[in-house]
Enquirer: 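Next up is a structure, given as C-alpha cells.
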2 protein chains.
Amino acid sequence: MITKPTIKDVAKLAEVSIATVSRVLNGSPLVQEKTRQRVWKAIEKLNYKPNALARGLINKKTQTVGMIIPDISNAFSAEVVRGIEDIANIHNYNVILCNSDLDFQREMKYVTTLQEKQIDGLIFLSEQVTDEHLDCFIESRLPVVLVATHDDKGLLPSVNIDNVMAARVATEYLLGLGHRRIAFISGPFDDPIAGITRLTGYKQGLQAKGLPVLEELILEGDFTYKTGYRNMRKLLQLQPRPTAVFAASDEMAVGAMNAILDNGLKVPADIAVLGFDNIDLTTKVRPRLSTIAQPMYDMGAIAMQMLIKILTDAPLEKRIVKLPFELIIRESCSVKK
Amino acid sequence: MITKPTIKDVAKLAEVSIATVSRVLNGSPLVQEKTRQRVWKAIEKLNYKPNALARGLINKKTQTVGMIIPDISNAFSAEVVRGIEDIANIHNYNVILCNSDLDFQREMKYVTTLQEKQIDGLIFLSEQVTDEHLDCFIESRLPVVLVATHDDKGLLPSVNIDNVMAARVATEYLLGLGHRRIAFISGPFDDPIAGITRLTGYKQGLQAKGLPVLEELILEGDFTYKTGYRNMRKLLQLQPRPTAVFAASDEMAVGAMNAILDNGLKVPADIAVLGFDNIDLTTKVRPRLSTIAQPMYDMGAIAMQMLIKILTDAPLEKRIVKLPFELIIRESCSVKK
DNA sequence: ATTCTTTTTGTAAACCTTTTCATTTGTTTT
DNA sequence: AAAACAAATGAAAAGGTTTACAAAAAGAAT
C-alpha cells in the first residue's frame with residue numbers, strides 16, 4: 001500500500017533536510033530562493049499535504065473550534081451557525097458541529113470530546129448557562145464564547161440582544177395599535193435567557209401603560225410551532241378573545257397564526273400576531289409575520305470574531321456584546337378596530 | 001502556567017509506566033485489576049484527558065469526518081446534516097461542517113484542509129459531481145459518500161432517491177386530478193441531479209399520457225423561494241393560465257403559491273401547487289403544501305452509516321442506495337374544475 | 001530447588017511536525 | 001590571505017500517544 005507522503009519524502013526528493021522543507025512550508029525568509037523552488041517542486045510532485053495532527057501537537061493549536069448548539073435543523077441555530085462558519089472560514093478555522101438537543105449530559109460529553117481533540121475554542125448556544133456549565137467550561141480551560149445566551153455572573157464573553165427591551169418594544173407596538181387584550185405565548189418559564197426576559201419585557205410594556213398583567217393571557221410554550229399552535233387554541237376559547245398575540249418565537253407565532261386561520265378567523269383583522277426572531281419563515285407565510293428581528297447571522301459572526309480575538313490575544317473591546325434588535329412591521333398586525 | 005496533564009503525569013502518579021496507562025485507557029485485558037484501579041484513580045485525580053492529536057498521529061484515525069454541503073441555513077441541508085451528525089455521534093465520530101455555497105473552488109479548498117486535518121472520511125453534498133470532483137476525491141484517497149447526489153460513473157457510494165420517478169409520480173398525480181395544463185418550475189437546467197432528472201420525470205409523466213410538453217410551461221429556477229415566486233409571476237401572465245404548478249423544490253413551490261395568493265387567486269381552487277422535498281415549511285403555510293417527500297434525515301443518517309461501514313471495513317450491501325420517496329397529499333392540490 | 005510457562009509490566013521506537021542550536025557556506029572587511 | 005560576520009542549512013529534541021519487544025514477576029511442573 002502506498003502511504004501518504006510526509007515531509008521526509010519531500011526532503012529526500014528535494015535533497016534538503018526536513019527542517020528546510022518545514023521552513024519553506026511556513027514561509028520562513030531564511031531559505032534561499034533556488035532551494036525554495038526545489039522544495040516547492042517536490043511538494044507539488046508528491047502532492048504533499050502537511051499533517052495537521054503533527055502540527056497541532058507541536059504548535060498546540062489546531063485551527064479548529066467547536067460549536068455546541070441545540071439543533072441544527074432549527075432555523076435560528078442554522079442561521080447563527082452559518083455566521084460562525086463564514087467567519088471561521090475566513091480566518092482559516094474549521095468548526096466541529098455538535099447538536100445537544102439541550103441535554104446537559106450531551107453538552108458535557110461534547111465538551112470532553114472536543115477538549116480531547118484539542119480544539120482552540122468553543123462557541124456555545126443553549127437555553128441556559130448554569131453553574132455546572134460554568135464549572136465545566138472553567139475546568140476545561142477552553143476559551144468559550146456564548147451566543148444568544150449569557151451567564152448570570154457575566155463570567156464568559158457573550159453576544160446577545162436585550163431581550164427584555166425587545167419584548168417591551170414589541171408589546172408597546174401592539175399597545176400603540178390600540179390593542180389592550182394582548183396574549184403572550186412565552187418560552188419556558190424557567191429559561192432565563194429567552195423565556196423569563198421576554199416575559200418580563202411583555203409585562204413591563206403593559207405596566208408602563210398602567211395595564212394589568214392577566215395570567216390567563218400568558219401561556220408557556222417551548223419556542224416550537226406546535227406549542228404555538230396548541231396554546232393559541234386555548235387562547236381562542238377565552239371570552240372575550242385576545243385581540244393580539246405576541247409570541248416569543250416566530251415558530252410559535254406562525255403556529256398561533258395558523259391556529260387562528262384554521263379556526264376560520266382572520267389575521268390581522270380578528271387577531272394580530274407578532275413574532276420574535278425574524279427567521280425566513282416570516283416572509284413565506286401569508287399574511288407575512290411582523291416580528292422582532294434578532295441579527296442571527298451577525299450574532300454568530302460576531303461571536304466567532306470575538307473567539308478569534310481571544311485566541312490571537314487581540315484586545316476585546318467588549319466582553320458582553322448586546323446587538324441591536326429591530327421591530328419589523330409586515331402584515332400580521334393592524335390597528336385594533 | 002499550569003500545563004495539561006499528560007499520560008506521563010498519570011504514569012508517575014500511579015507509579016507505573018506510560019505503557020500501562022495506555023493499556024488501561026484502551027481497555028487492554030492484560031493489566032492487573034489493582035493496577036488498573038490505581039491508574040484510574042490517578043486519571044481522575046489529575047482530570048486527565050488523552051490527547052486526540054497524538055492518538056490520531058499514531059493510529060491514523062481521528063474519529064472525525066468532514067461534510068461539505070452547500071449551505072447550512074437551507075432547511076434541506078440542515079435536515080440532512082442532522083441525520084449525519086446523529087449517527088456520527090452514536091459511533092463516536094465528530095463532524096466538521098463546511099459550507100461551500102456550491103462554489104467549486106471552495107469545495108476543493110475544503111477537501112484540502114480536511115485532508116490535512118486527517119479526517120477519516122467525507123460526506124459530500126452538492127449540485128453536481130463533475131469529473132474534477134471525482135479526480136480530487138480520488139487523489140485525496142479519502143473515503144467519500146455522496147448524499148442527495150451521485151456521480152455519473154457510479155464510482156462513489158451514494159444515497160439518493162429516484163428523482164425521475166418521483167417527479168413522474170408527482171406529475172401523474174396532477175394529471176390524475178384532471179389537470180392538463182401543468183407548469184413546471186425546474187431546478188437549474190444544467191443540474192444533473194435535481195434539475196434534469198426532475199424535469200425528465202415531469203416530461204415522462206406528460207408523455208405517458210400522450211400530452212405535449214409545452215416549452216412555455218417550463219421555467220428555470222434555482223430551488224430558492226425567490227425564483228419560485230418570480231417564475232410564477234411569469235406563468236400567471238400566460239393565456240390561458242396553467243391550472244397546476246409543480247415545482248422542483250418546496251421553497252420554489254411556496255414562492256409560487258405566494259405569487260398566486262398575492263395575485264388575488266386561490267390555491268388550490270384556481271391553481272394547484274405541488275412541491276418537492278417535504279421540508280418543515282410545507283405544513284406551516286396555508287394551504288399546506290402537497291409535496292414529494294425526500295427522506296432528508298434518513299439520507300444523511302444512511303450516508304453516515306455507509307461511511308462508517310467503509311471506515312470499519314464492514315461490507316456494504318449496496319454502494320448506490322436509492323431511498324423511497326413518498327407523495328404527500330395535503331391541501332394545495334385539488335381536482336381540476 | 002530448578003526449569004518452564006504464563007501473566008504482568010516496562011523500554012523504546014514510531015507517528016510527523018516545528019524549532020533551537022550548531023554547523024556549513026558565502027560574503028565582506030582588513 | 002586571514003579574520004569577522006551574515007546567511008543558509010542540518011541534526012536532534014520535543015510534542016503525547018501506541019505498541020512491538022524485552023524483561024520481570026508469578027505460577028506450575030519437574
Enquirer: Find out whether A:Met304 and A:Val65 are in side-chain contact, i.e. whether some heavy atom of one side chain is under 4.5 Å from a heavy atom of the other.
Expert: yes
Enquirer: Remember a base hit wins even if backbone is also touched, and classify B:Lys8 as base, sugar-phosphate or nothing at under 4.0 Å, heavy atoms.
Expert: nothing
Enquirer: Look up atom CD in B:Glu107 and atom OG in B:Ser100, then write down how far apart they are to the nearest 0.5 Å.
Expert: 4.5 Å
Enquirer: Check the surroundings of atom NZ in B:Lys49: do more than 12 heavy atoms from other residues, nucleotides or ligands lie under 6.0 Å from it?
Expert: yes
Enquirer: Would you say C:dT17 has OP1 or OP2 under 4.0 Å from some side-chain N or O of A:Ser22?
Expert: no
Enquirer: For B:Lys117 and A:Thr64, which I'm curious about, is there any donor-acceptor pair between the side chains at under 3.5 Å?
Expert: yes
Enquirer: Any salt bridge between A:Asp101 and B:Arg82, counting N to O under 4.0 Å?
Expert: yes
Enquirer: Provide, to the nearest angstrom, the distance between the CD atom belonging to B:Glu15 and the P atom belonging to C:dT9.
Expert: 13 Å
Enquirer: Could you tell me whether the side chain of B:Asn26 and the main chain of B:Ser22 form a donor-acceptor pair under 3.5 Å?
Expert: yes
Enquirer: Whole angstrom is fine here: how far is it from NZ in B:Lys4 over to P in D:dT17?
Expert: 10 Å
Enquirer: Looking at A:Leu53, is its backbone amide N or carbonyl O close enough to the side chain of A:Asn51 to form a donor-acceptor pair, meaning the two atoms are under 3.5 Å apart?
Expert: yes
Enquirer: Ring pair (Phe, Tyr, Trp, His ring centres under 6.0 Å): which pairs involve residues 54-111 of chain B, sequence neighbours left out?
Expert: B:Phe104-B:His133
Enquirer: Under 3.5 Å, side chain of B:Asp9 to main-chain N/O of B:Thr6, donor-acceptor pair present?
Expert: yes
Enquirer: Could you state the atom-to-atom distance from CG of A:Asn59 to P of D:dG15 in whole Å?
Expert: 13 Å
Enquirer: Answer yes or no: does a side-chain N or O of B:Thr20 lie under 4.0 Å from OP1 or OP2 of C:dT9?
Expert: no
Enquirer: Just N and O in the side chain of A:Lys60: are any of them under 4.0 Å from OP1 or OP2 of D:dG16?
Expert: yes
Enquirer: Name all residues meeting the side-chain contact (heavy atoms from CB on, under 4.5 Å) criterion together with B:Ile18; count only those two or more places apart in sequence or in a different chain, and write none if there are none.
Expert: B:Ile7, B:Lys8, B:Ala11
Enquirer: Polar atoms only, N or O, under 3.5 Å: list the protein pairs with nucleotides 12-14 of chain D and their distances.
Expert:
none

Enquirer: Taking only heavy atoms on the protein side, list every residue of residues 37-44 of chain B lying under 4.0 Å from any atom of DNA chain D, sorted numerically.
Expert: none
Enquirer: By a strict heavy-atom criterion of less than 4.0 Å, which residues belonging to residues 109-121 of chain A are in contact with DNA chain D?
Expert: none
Enquirer: Taking only N and O in the side chain of A:Gln32, is any of them less than 4.0 Å away from OP1 or OP2 of D:dA7?
Expert: no
Enquirer: So if I take residues 49-56 of chain A and measure heavy-atom distances to DNA chain C, which residues fall below 4.0 Å?
Expert: A:Lys49, A:Pro50, A:Asn51, A:Ala54, A:Arg55
Enquirer: Going by side-chain contact (heavy atoms from CB on, under 4.5 Å), name the residues that satisfy it together with A:Thr35, two or more places apart in sequence or in a different chain.
Expert: A:Val16, A:Thr20, A:Val31, A:Gln32, A:Arg38
Enquirer: What bend angle does the helix from C:dA1-D:dT30 to C:dT30-D:dA1 show across its length, from five-pair end axes and to the nearest 10 degrees?
Expert: 50°
Enquirer: Expressed in angstrom and rounded to an integer, what is the separation of B:Ile7 atom CD1 from D:dT19 atom C1'?
Expert: 12 Å
Enquirer: Think B:Thr35 has a side-chain N or O under 4.0 angstrom from the OP1 or OP2 of C:dT8?
Expert: no
Enquirer: Would you say that A:Pro188 contacts A:Glu127 through its side chain, given a criterion of any heavy-atom pair below 4.5 Å between the two side chains?
Expert: yes
Enquirer: Are any non-hydrogen side-chain atoms of B:Leu122 and B:Pro143 less than 4.5 angstrom apart?
Expert: no
Enquirer: Can you name the residues that form a side-chain contact (heavy atoms from CB on, under 4.5 Å) with A:Ile90, not counting sequence neighbours?
Expert: A:Ile87
Enquirer: Using atom types as modelled, flag every donor-acceptor pair under 3.5 Å from a side chain in residues 310-318 of chain A to any protein atom, sequence neighbours excluded.
Expert:
| residue | atom | partner | partner atom | Å |
| --- | --- | --- | --- | --- |
| A:Thr312 | OG1 | A:Ile308 | O | 2.8 |
| A:Thr312 | OG1 | A:Lys309 | O | 3.3 |
| A:Glu317 | OE2 | A:Lys309 | NZ | 3.0 |

Enquirer: What is the distance, rounded to the nearest whole Å, between atom CG of A:Leu30 and atom P of C:dT23?
Expert: 18 Å
Enquirer: A:Phe137: which residues meet the ring-ring contact (aromatic ring centres under 6.0 Å, His included) condition with it, sequence neighbours left out?
Expert: A:Phe124
Enquirer: Can you check whether A:Lys34 has a side-chain N or O nearer than 4.0 Å to OP1 or OP2 of D:dA8?
Expert: no
Enquirer: Can you give me the closest heavy-atom contact between B:Ile119 and B:Leu142, atom names plus distance?
Expert: O-CD2, 3.5 Å
Enquirer: If I take atom CG in residue A:Leu57 and atom C1' in nucleotide C:dT18, what distance separates them, rounded to the nearest angstrom?
Expert: 10 Å
Enquirer: Classify the side-chain pair B:Asp71/B:Ser73 by whether it contains a donor and acceptor separated by less than 3.5 Å.
Expert: yes
Enquirer: Roughly how far apart are A:Ile96 CD1 and B:Asn94 CG, rounded to 0.5 Å?
Expert: 5.0 Å
Enquirer: Does the side chain of A:Asn26 get closer than 4.0 angstrom to OP1 or OP2 of C:dT18 through an N or O atom?
Expert: yes
Enquirer: I'd like to compare against my own output: the B/S/- annotation of nucleotides 21-26 of chain D with a strict under-4.0 Å heavy-atom distance to protein.
Expert: ------
Enquirer: What is the separation between atom NZ on A:Lys12 and atom C1' on D:dG10, rounded to the nearest whole Å?
Expert: 16 Å
